[in-house]
Amino acid sequence: MFKYLPEPVYTKLVDVIDNGAPLDRSIADEVAAGMKRWAIELGVTHYSHWFQPLTDGTAEKHDAFVEHDGRGGMIEEFSGKLLVQQEPDASSFPNGGIRNTFEARGYSAWDPSSPVFVVDDTLCIPTVFIAYTGEALDYKAPLLKSLRAVNEAAKAVCHYFNPEVKKVFTYLGWEQEYFLVDEGLYAARPDLLLTGRTLMGHESSKNQQLEDHYFGAIPPRVAAFMKDLEVKSLELGIPVKTRHNEVAPNQFELAPIYEECNLAVDHNMLIMSLMRNIARNHGFRLLLHEKPFKGVNGSGKHNNWSLGTDNGILLHAPGKTPEDNLRFVTFVVNTLMAVHRHNGLLKASIMSATNAHRLGANEAPPAIISSFLGKQLNQVLDHLEESSTDELINIAGKSSMKLDIPQIPELLIDNTDRNRTSPFAFTGNRFEFRAVGSEANCASAMIALNAAVAEQLMEFKQKVDALIEKGEAKVTAIVSVIRQLIKECKNIRFDGNGYSEEWKAEAARRGLDCETCCPKIFDNYLKAESIAMFEKTGVMTQKELEARNEVKWETYTKKIQIEARVLGDLAMNHIIPVATKYQSELIDNAFKTKQLFSKEKAERLSAKNIELIEQIAEHNTYIEESIAQMIENRKRAHRIEDEREKAIAYHDEIAPMLEKIRYHIDKLELIIDDQMWPLPKYRELLFIR
Ligand code: ADP
Ligand code: MG
């Protein structure tokens with residue numbers, strides 16, 4: 001920017017980026033000209049507003065740098081107007097009824113806080129996507145609002161401790177899990193191709209039971225892919241760092257170092273599409289579905305989240321002095337309190353038809369949000385809770401500083417005890433939200449978490465200020481509110497095994513949200529306390545929340561509907577005909593055996609085949625009847641107008657049938673001649689590289 005912009009423009013733009021100063025339209029033309037110059041030097045011919053609609057992907061429309069020159073010719077041109085705002089023909093993005101077709105206008109508007117980037121021959125400009133009437137139609141707009149809300153609320157609380165702080169940043173370090181499959185095998189699996197997961201397939205005799213894949217040697221073809229991906233990521237400014245094998249065969253993980261949340265979200269969206277493209281160059285297909293294969297672990301994202309100040313303080317990290325540690329405890333406890341108050345909402349923020357396969361299975365966080373703190377932090381909080389104000393000890397010889405924060409051991413920072421079963425775990429200097437879907441836009445979870453924490457910090461400040469007004473010393477006021485909060489949010493703390501049945505019962509007793517039906521989990525967005533929270537923090541309006549829920553329900557229905565159709569087609573066109581053919585061969589064999597041998601001998605020799613003939617007939621019949629039933633159920637569900645009710649019908653009456661039909665297909669897979677079986681099997685998909 002320094003090289004391509006005039007000095008005053010540069011200064012103004014940096015002020016916009018760093019301090020959120022309002023964007024001065026007068027500089028837009030010069031910024032656009034500088035961007036164009038930079039981009040053309042990189043061989044760019046087109047530009048695109050890049051945005052994140054309410055699908056789990058990104059959208060872009062490419063335009064060449066071409067304008068009329070006013071004399072019947074054309075010139076290369078990119079004006080400030082085109083940089084700042086565009087009106088994509090966007091009537092076909094999900095909008096939940098916000099944009100009726102007659103006013104189907106949506107605007108994309110430049111987000112200067114996320115750098116433009118170049119992919120191939122296109123200059124991509126990160127933008128928000130909003131309706132003509134101002135409502136957000138994307139993830140970025142509410143994310144930016146949530147970041148502003150946390151900044152303001154956290155800064156105010158931070159000022160109790162560090163009055164010099166000018167800005168609080170939200171940090172996000174995501175870890176991205178994914179599968180790779182051979183491209184040729186992928187092409188022979190219509191279910192993978194159309195739904196992103198295998199709708200059938202018997203478990204391979206060997207899968208992950210030997211635990212030999214996690215952190216194992218990376219296969220050379222995969223290593224080549226990773227290296228290529230990392231080079232391209234670094235070229236785009238994505239600071240990738242970690243790569244390793246994951247638990248399941250052919251499953252891997254990629255993680256950059258953490259960045260400011262908005263940028264980290266953009267980078268995650270960008271890298272997901274980058275990974276898709278690069279995988280293809282290496283003869284792979286990338287699977288981001290949360291559960292592509294039954295019987296082995298699925299994929300998720302871990303969102304490592306924390307707050308930090310412009311002068312380098314990590315607010316979720318313990319410090320060296322009692323004051324620092326009081327600040328640390330303040331931010332940890334307020335975060336816990338926010339998670340406690342909005343645990344159902346946080347679950348809704350990561351829920352989807354695809355992630356539902358993973359949550360609650362014995363491999364990923366359960367469908368109940370709780371927080372793991374580890375032994376030491378628990379001790380610190382317990383100690384604070386139990387000590388009474390009278391007992392406040394005098395630390396560091398400062399008589400005015402009566403502060404009962406025990407010495408926080410160094411070990412806490414190392415955070416040696418880990419709990420993989422916890423959906424929201426404290427990991428030394430941050431919280432790790434582990435329930436996010438691998439395919440999801442990280443922003444969804446971050447919007448809910450940021451907004452909830454902002455609301456909580458605002459209320460915390462009010463309470464502390466009220467005590468101070470009554471004459472309480474600042475530190476005593478802070479400690480006494482924290483003590484209160486520790487008591488209130490106790491139910492969210494759980495360090496035990498999140499996979500266990502006992503926890504489900506215990507969580508219900510504690511009043512945590514235990515709903516498992518995905519469309520009903522979305523209801524959390526429309527609970528009175530959620531709407532109040534989003535409105536109070538200025539992150540989303542009730543109208544936006546309602547519209548977004550319509551989109552969620554609709555998407556849920558469509559995903560199950562597509563799976564049901566694909567399974568129906570595959571069963572009727574691939575499986576049943578092949579099973580029938582093999583069955584005929586067995587019948588033929590049985591008849592011929594009878595002709596060749598004596599009755600008694602023939603009976604003995606054909607006994608197994610006759611058993612199989614019968615089994616195939618049973619499975620075939622079950623499959624055919626169930627497919628017919630599933631079509632009936634779909635027809636019935638289809639007539640329901642209310643999107644929520646329709647999604648629930650798909651959840652209750654169609655999704656379970658997919659599993660039942662699959663069971664019979666998988667049994668057939670074990671019976672039918674391998675030569676005849678029309679689909680690549682798990683052992684091929686998961687082990688052939
Ligand atoms: P894990 O042991 O959980 O696999 P990694 O070393 O892979 O952890 O790191 C997870 C992510 O957490 C990385 O992106 C890392 O940069 C990020 N991270 C580390 N510290 C923080 C922090 N204070 N706030 C947010 N993210 C962080
Ligand atoms: Mg992690």
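One-based numbering, in listed order, for ligands and for the atoms of each.
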Please list, in number order, the atoms of ligand 1 under 4.0 Å from a heavy atom of Ser306.
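Atoms satisfying the 4.0 Å criterion: 22 (C), 23 (N), 24 (N), 25 (C).
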With nothing but distance in play, are any N or O atoms of Glu253 less than 3.5 Å from an N or O of ligand 1?
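Between Glu253 and ligand 1, no N or O pair is found under 3.5 Å apart.
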Tyr258 to ligand 1: N or O pair under 3.5 Å?
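For ligand 1, there is an N or O atom that lies under 3.5 Å from one belonging to Tyr258.
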Is a side-chain N or O of Asp111 found less than 3.5 angstrom from the main chain of Pro126, in a donor-acceptor match?
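Pair absent, no side-chain N/O of Asp111 close to backbone of Pro126.
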Salt-bridge test for Asp182 and Arg221: reply yes if a basic N is under 4.0 Å from a carboxylate O, no otherwise.
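Yes, this pair counts.
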Less than 4.0 Å between a side-chain N and a carboxylate O, is that true for Arg341 and Glu455?
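A salt bridge is present here (some side-chain N lies under 4.0 Å from a carboxylate O).
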Options Asn304, Asn429, Thr170, ranked by nearest heavy atom to atom 11 (C) of ligand 1, top entry
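It is Asn304 that holds the nearest heavy atom.
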Of the choices Glu432, His302, Arg430, which has the non-hydrogen atom that lies closest to atom 8 (O) of ligand 1?
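Considering heavy atoms of Glu432, His302, Arg430, the nearest to atom 8 (O) of ligand 1 sits in Arg430.
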Rounded to the nearest 0.5 Å, what's the gap from CG on Leu254 to OH on Tyr178? Could you check?
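Answer rounded to 0.5 Å: 6.0 Å.
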In Å, rounded to the nearest 0.5 Å, how long is the span from OG of Ser233 to CE of Met275?
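Rounded to the nearest 0.5 Å, the OG-CE separation comes to 8.5 Å.
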Indicate, as side chain, backbone, both or neither, the part of Pro256 found under 4.0 angstrom from ligand 1 when only non-hydrogen atoms are considered.
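The part of Pro256 near ligand 1 is the backbone, not the side chain.
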